[in-house]
Amino acid sequence: MVQVSPFLLVLFLALGAHGLSAKKCFLTGHWVNDLGSNMTITSMNANGDFTGSYHTAVTATSNEIKVSPLQGSRQRGTNLKGQPTFGFTVNWSFSDSITVFTGQCFMDDEGKEVLRTMWLLRSHVDDIKSDWKATRVGTNVFTRLQQHQ
């Protein structure tokens with residue numbers, strides 16, 4: 001019986017730890033990335049589909065930057081583990097290009113939410129011979145923008 005007690009103690013602790021709620025990463029809210037662009041995810045439905053807006057701080061055009069709509073989807077299923085993967089598209093209001101982002105929401109060591117993303121930006125070109133220069137790729141890191149109260 002002495003040998004069983006440590007096993008039961010470990011089993012009890014393991015089951016108890018499983019019940020503890022870990023801090024989860026939520027996509028809705030206001031975000032800023034490493035280039036100073038602002039993103040707001042305003043709503044998410046039960047399927048994980050979301051909408052929002054994106055105000056970029058950088059552009060390759062000479063057009064005036066305008067807030068642009070975004071729409072996306074979060075990982076579905078029961079195995080979310082609080083750090084979901086997601087993807088979204090920004091249809092730029094001020095240029096003839098579109099960007100798709102994919103990434104994951106993480107909780108960093110200090111308990112803060114961080115979005116790690118990779119993106120593809122597709123710009124319009126006039127002919128197939130220029131296709132080689134139409135797509136750019138990059139990464140961004142977003143942190144939650146704290147609102148001042």
Side-chain angles (χ1 to χ4, degrees), residues 10-149:
V10 169
L11 180 62
F12 175 76
L13 291 174
L15 291 174
H18 178 46
L20 295 176
S21 61
K23 192 168 180 186
K24 294 185 178 182
C25 200
F26 295 98
L27 295 176
T28 53
H30 303 284
W31 300 89
V32 62
N33 73 17
D34 46 321
L35 298 175
S37 298
N38 287 282
M39 173 177 66
T40 301
I41 298 175
T42 53
S43 65
M44 182 175 303
N45 67 23
N47 290 327
D49 300 323
F50 58 87
T51 59
S53 61
Y54 199 102
H55 190 231
T56 186
V58 296
T59 183
T61 73
S62 58
N63 299 342
E64 177 187 354
I65 294 174
K66 296 179 181 177
V67 176
S68 300
L70 70 80
Q71 56 185 1
S73 186
R74 182 201 68 202
Q75 169 188 358
R76 293 188 179 116
T78 57
N79 194 21
L80 296 178
K81 298 184 181 175
Q83 299 189 123
T85 58
F86 61 89
F88 63 90
T89 301
V90 178
N91 190 350
W92 301 108
S93 299
F94 60 92
S95 71
D96 54 0
S97 60
I98 195 162
T99 303
V100 293
F101 288 79
T102 187
Q104 186 170 353
C105 189
F106 291 102
M107 298 302 298
D108 70 11
D109 292 338
E110 286 130 28
K112 295 182 181 173
E113 297 159 301
V114 176
L115 307 180
R116 291 284 191 150
T117 66
M118 177 170 264
W119 52 263
L120 292 170
L121 180 143
R122 176 65 187 211
S123 297
H124 172 81
V125 290
D126 292 329
D127 57 57
I128 198 167
K129 292 177 187 171
S130 299
D131 184 61
W132 65 271
K133 63 181 180 179
T135 303
R136 298 176 186 185
V137 63
T139 60
N140 284 123
V141 177
F142 292 83
T143 54
R144 189 168 294 280
L145 186 61
Q146 301 300 324
Q147 291 185 318
H148 301 297
Q149 299 189 17

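Counting begins at 1 with the first residue of the sequence.
- Remark: S73 OG to N47 CG distance equals 8.0 Å, nearest 0.5 Å.
- Within the structure, salt bridge (Lys or Arg N to Asp or Glu O under 4.0 Å) pairs that include any residue of residues 53-62 do not occur (at least two apart or interchain).
- Although no hydrogens or angles enter the test, the distance criterion places no donor-acceptor pair under 3.5 Å between the side chain of S123 and the main chain of S97.
- For the salt bridge (Lys or Arg N to Asp or Glu O under 4.0 Å) condition, no pair includes a residue of residues 92-110, sequence neighbours left out.
- Contact check for F94 versus S68: side-chain heavy atoms found under the 4.5 Å cut-off.
- The closest donor-acceptor contact from the side chain of D127 to the backbone of S130 lies under 3.5 Å.
- Under the 4.5 Å side-chain criterion, counting only non-hydrogen atoms from C-beta, L115 is in contact with L27.
- Residue pairs meeting the salt bridge (Lys or Arg N to Asp or Glu O under 4.0 Å) criterion with at least one member in residues 45-57, sequence neighbours excluded: D49-R76.
- The closest side-chain heavy-atom distance from I41 to F88 is not below 4.5 Å.
- Annotation: ring pair (Phe, Tyr, Trp, His ring centres under 6.0 Å) contacts involving residues 43-62, sequence neighbours excluded, comprise Y54-W92, Y54-F101.
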Please test M44 against F26 for side-chain contact (heavy atoms from CB on, under 4.5 Å), starting from the C-alpha separation and ending with a verdict.
CA-CA 10 Å; M44 182 175 303; F26 295 98; over 6 Å; no
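- Residue pairs that meet the side chain to side chain donor-acceptor pair (under 3.5 Å) test with at least one member in residues 132-143, sequence neighbours left out, are D34-N140, W119-N140, R122-T135.
- The side-chain heavy atoms of T102 and T85, taken from C-beta on, include no pair separated by under 4.5 Å.
- In the displayed structure, Q104 atom CD is contacted under 6.0 Å by more than 12 heavy atoms of other residues, nucleotides or ligands.
- M107 is listed as a side-chain neighbour of E113, based on a closest heavy-atom distance under 4.5 Å.
- With hydrogens and angles ignored, the 3.5 Å screen pairs no side-chain donor or acceptor of T40 with any backbone N or O of S53.
- Applying the salt bridge (Lys or Arg N to Asp or Glu O under 4.0 Å) test to every pair with at least one member in residues 59-72, sequence neighbours left out, gives no pairs at all.
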